[in-house]
Amino acid sequence: MLLAEGLHHAFGSPPVRALDGVSFTVQPGQTLAVFGPNGAGKTTLLKVLAGLIRPQRGRVQVEGGRRAVGWIGHQPQLYGQLTVRENLRFWASLYDVQAPPDLLKRLGLIEQADRPVRALSRGLVQRVAIARALVHDPRVLLLDEPFTGLDRLASEAFSRLLAQHAAAGRATVLVTHNVEEGTELATDIAFMRAGRFVQLAPRAGRDSRDIALAYRSAIGGASPSA
Amino acid sequence: MLLAEGLHHAFGSPPVRALDGVSFTVQPGQTLAVFGPNGAGKTTLLKVLAGLIRPQRGRVQVEGGRRAVGWIGHQPQLYGQLTVRENLRFWASLYDVQAPPDLLKRLGLIEQADRPVRALSRGLVQRVAIARALVHDPRVLLLDEPFTGLDRLASEAFSRLLAQHAAAGRATVLVTHNVEEGTELATDIAFMRAGRFVQLAPRAGRDSRDIALAYRSAIGGASPSA
Amino acid sequence: MRMVRVGRWITATALLLLVGVYVRALEFTPVERLQGLAQKIFYLHVPAAIWAESAMVLVGIASVFYLFLKDPRLDRFAAASAEVGTVFAAIVLTTGPIWGKPIWGTWWSWDARLTFTLFLFLLYVGYLLLRGAVGDPATRARYAAVLGICGMCLVPFVHFSVYMFRTLHPMPIVLKPSAPSLPGSMLATWLFSVGVFTLLYVGFVIQRYALEFLREQLEATAGDSGMGHA
Amino acid sequence: MPDWAKHAWRVARKDLLVEFRARTGIVSAAAFVILVLLAFNFGLDRTAVAAVDIAPSILWVTFTFAAIVALNRAFQLELENQAFDGLLLAPIGRGSIYLGKLIANLVFVATIEAIGVPLVALFFNVRMLPYVLPLVGIIALATIGFVAVGTLFSAMTVRTRFAELLLPVLLLPFMIPPLMWAARATGALLTDRPLSDIAGWLKMLAAYDIVFVALALLLFPETVTE
Amino acid sequence: MPDWAKHAWRVARKDLLVEFRARTGIVSAAAFVILVLLAFNFGLDRTAVAAVDIAPSILWVTFTFAAIVALNRAFQLELENQAFDGLLLAPIGRGSIYLGKLIANLVFVATIEAIGVPLVALFFNVRMLPYVLPLVGIIALATIGFVAVGTLFSAMTVRTRFAELLLPVLLLPFMIPPLMWAARATGALLTDRPLSDIAGWLKMLAAYDIVFVALALLLFPETVTE
Ligand code: HEM
Ligand SMILES: Nc1ncnc2c1ncn2[C@@H]1O[C@H](COP(=O)(O)OP(=O)(O)OP(=O)(O)O)[C@@H](O)[C@H]1O
Ligand SMILES: Nc1ncnc2c1ncn2[C@@H]1O[C@H](COP(=O)(O)OP(=O)(O)OP(=O)(O)O)[C@@H](O)[C@H]1O
Ligand SMILES: [Mg+2]
Ligand SMILES: [Mg+2]
């Protein structure tokens, strides 16, 4: 469903290696959780998968092409001057679909629906960003720290959404620093560092504590930015 | 050290009540952790405490005035075109101090020191934002979801920094959605909702699970945005 | 590096030949009746002008191919050609006024040809500025290519629309459909100097290309030696 | 309506919605034109110069500046929350995005021009009514050309530092030729020269439009993928 | 050096560092001036109008546009990551922030003018050398006035949408008077009128400067607190 082969990418000059030979596949129903230190290349990886960055080497294959991808990035990708509803309507229109009526409700955005996004608090904006990414019911979800700024209820609601999404046979790549949230949803777990997957294995019933330990041993106590 | 009295503030029209009668004090060595749903008014509260927003009613008193305050907001408040070092040098110069030499090291920014902030990954930027807020060794820290985007090692390093800070008799107000991180550091805990403190009590040895339960009962399963 | 040396040699010989051009121009070519010695600058002015325009066209062509092949060498060539073109445009913009002062009695006149040469120059400046303003090499190359192609397409517009304006500036004497209206010896000298300028262009471009190449090499190695984030 | 046209229109509509959300945009555009005209009026010593001689040029210089100011904003809007990445991810052709932007810009510039023409007629009391139709033709031809190029370039410059300076620097060499032709054509028109005088200029303008609109459509995709 | 001056200088230095980080800034400023000059020429049928008549006005209209473009960027820079909040939090007077911005803008505009004057002299072959000193005086007087106002306004407009359009709208009414006086003074100067002719204009300019710099210093704090 999602295939990455030997991805290499470096930014700027002098070049900073952000991706250095990453390969993996994600099957329908799978959720790959990627953990890694800051600057490991996680965001770059997702952008490459989404097709926003053309990798300098390697190839990406997404079943269903652009239409099938839903992406949540570090930025919300919304128009601050437009209201929540207007934003969703616009993004939906680009996919020739109607925004699912219950989406706003499930994310607790009913009261905010007609306020301009610019006037919303950070967590509320993040909820809109989530709604925006799910508006066309994508078959492949690429999530870059999607829980950022969400309060407890919202993140639980969102976790439920993701679980259903996986149950419906969708594929997900989830980047996060919060091992609990990540593990809960993951079927596979990858540790990324300096542009490489240092470990990629099925979760196989490990709980968040095991993962945390594994992460330590894989990434090590090295300087946080290494 | 930090005193807030009957703070009221509303945005725009129709008015959105962001602060609706908040009063509290924070003594030296205390760390007040504020939990609350999205849109509760936490960021507004911190901005008022910092003096960035003049509250429509109520008053704020900070011992030592602006010089004593260190603020980490949702935005990093850095100049993207300047390098990490240049940013810190500039902000330090505004406080007539030298940036502490070990600050970069403790936050694992040595390798990034001479890269423009614009080219850094989200978590790395957040570290710079932290360094920027601590550069003048403030006596009052106002932290708005400071752990956002930090990897595990970085957030542990930062937690240690905060612990020392408290031990040195500084006052801290910490806003976060992550009960674990929050509780660990807190001496007092407030639950905020719709612009009010629905509960404000010393932590009194409660662990994160207790807090999570208390939060539920205080905020309730109400629609997340209420 | 070898390439730089080759470039240097070519440039050196070209410059030598340029001296030759002027020896010939001053010694063996008739002095133009009306303009007197001032006309001698013609042999510098016109070839420079022709190459200033051609360089932009070459930039454009290289850019087109870059967008298809994504071969950094093409981008490097475009950059080099643009830099050289800037120099030639500058030459035209200096020799022109020097020539103009005695003939027209003014350094500058808002004449279509003159102004459009100025555009050409600014087009180059813009091109180089854009290159300077983009950090990432791949992006820089693509942006530059886009601008280069647009520039190439602009040149003919500018070149031909000049004929629609009343202008002080001489209309083509050499490059025109009918036979060149120029005394044989002058024509010969002129052709000679056009050849020399071609050589100059080649020499300069080779040098700039090589230097650019070296710079990129340096950056790349710098990147490997731990300057990277990891 | 074919898909690409439909999508282009949706993108354009969104831009226009944002722009006319607050009437600010158009009002200040109008004021801008007036003030530019005033600036000229005062600058030039009106006794020395005949109105009909300078009216055309002033008309066109005014449009140039208005257009540049407007174009600068075309993509700023998209970068605010990196909404542009969202557009690139959507299953719509790059061409549609370009066309959408182009349409929005044309509408914006056209509004400014619609305001400008009568004002020039007024301030410099030049008779324009009898020539309205051909005048509109000239303006349309010229505007399409340089807005097409401008839209293409602003997509590039907006991502660089110095966008505000770089755009005019790149654009003006492309803008001034059609501007000159248009100014000459306008002049010939207002001084009742035979149509044959104007035809030449119009041909140039038409050729310019065809070449550069086609070019922009071909090249735009190159400017948007990282 | 008193504190306020020291702080102002630090703010200014930071701005200049950002702007001239790459030589690009200044070069494009130069190219910008040339192109604006070109734009004005076209249309102006040079046979009809004598250079000395229009040179002053063109000089000043050019400066006006350059200044407006420059001013727009003055605060954009600060809003990128809400760095401006950081400035407001720092223990430095609002006045220092204003002065710092003012200095940076003055340097920028002055550079543009330094490039513009010789170019005008060259393009319009007007003899300026003999008048350099008084000319510099006039330019300095006029520039200080409108940059002072401009800095104040850009602080307000930058937070609104359409800043690019709104700024000139607010600013031009304030810019045109000094612009006119300066243009007249320049004209008188270049045509060898007696100094008494110029004195009047200079007095006006001086008065304008004093009034508006003072005013701006008083009003600036109001524009920056929410
Ligand atoms: C700043 C002043 C000047 C500029 C920018 C300028 C620019 C140019 C350019 C761009 C060309 C190439 C035309 C083409 O490729 O077809 C050219 C050719 C020429 N220029 Fe100038 N020129 C200037 C002044 C002069 C003066 C003062 C004269 C002498 C009266 C002059 C005489 C010529 C001649 C004879 C040609 C050759 C025309 C041809 O054979 O194509 N130019 N100039
Ligand atoms: N546009 C860019 N220009 C230059 N360097 C970049 C750019 N984007 C990313 N980088 C660099 O590439 C490396 C990887 O960045 P990336 O954002 O992928 O890290 P990340 O794993 O997402 O980190 P984080 O957990 O902090 O989000 C970092 O060193 C970063 O500085
Ligand atoms: N500048 C503004 N204009 C209008 N409304 C605003 C503005 N800033 C905040 N608000 C509103 O005030 C309320 C409180 O916002 P605030 O940012 O304080 O919430 P918060 O507790 O920080 O939420 P989060 O956890 O999502 O950050 C929200 O409803 C928000 O929409
Ligand atoms: Mg990231
Ligand atoms: Mg908040």
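Naming convention: chains lettered A, B, ... in sequence-line order (proteins, then strands); numbering from 1 in each chain.
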Checklist entry - With a 4.5 angstrom heavy-atom cut-off, which part of Arg89(B) approaches chain E: side chain, backbone, both or neither? => result neither

Next on the checklist: Heavy-atom count check: over 12 atoms from other residues, nucleotides or ligands less than 6.0 Å from Gln98(B) CD?
Outcome noted: no

Item to check | Value rounded to 0.5 Å, distance of NE2 in His7(E) from OG in Ser93(B) | outcome: 7.5 Å

Checklist entry - Quick check: are there more than 12 heavy atoms from other residues, nucleotides or ligands sitting under 6.0 Å from NZ of Lys6(E)? => result yes

Checklist outcome for this item: When every non-hydrogen atom of Tyr95(B) is compared with those of Pro91(E), the smallest separation belongs to CE2-CD, 3.1 Å

Checklist entry - What's the spacing between Leu89(E) CG and Arg66(B) CZ if we round to 0.5 Å? => result 8.0 Å

Item to check | Trp71(B) and Asp85(E), any side-chain heavy atoms less than 4.5 Å apart | outcome: yes

Checklist entry - From Asn87(B) CG over to Lys14(E) NZ, what is the distance, rounded to the nearest 0.5 angstrom? => result 9.5 Å

Checklist entry - Judged by atom type as modelled, is there a donor-acceptor pair below 3.5 Å linking the side chain of Asn81(E) to the main-chain atoms of Pro76(B)? => result no

Item to check | pair Gln81(B)-Val18(E): side-chain heavy atoms closer than 4.5 Å | outcome: yes

Item to check | Leu52(B) CG to Gln82(E) CD distance, which is reported to the nearest 0.5 Å | outcome: 9.0 Å

Item to check | Side-chain touch Leu87(E)/Trp91(B), heavy atoms, less than 4.5 angstrom | outcome: yes

Next on the checklist: Any heavy-atom pair between the side chains of Tyr79(B) and Glu78(E) that's under 4.5 Å?
Outcome noted: yes

Next on the checklist: Around atom CZ of Arg196(B), are there more than 12 heavy atoms from other residues, nucleotides or ligands closer than 6.0 Å?
Outcome noted: no

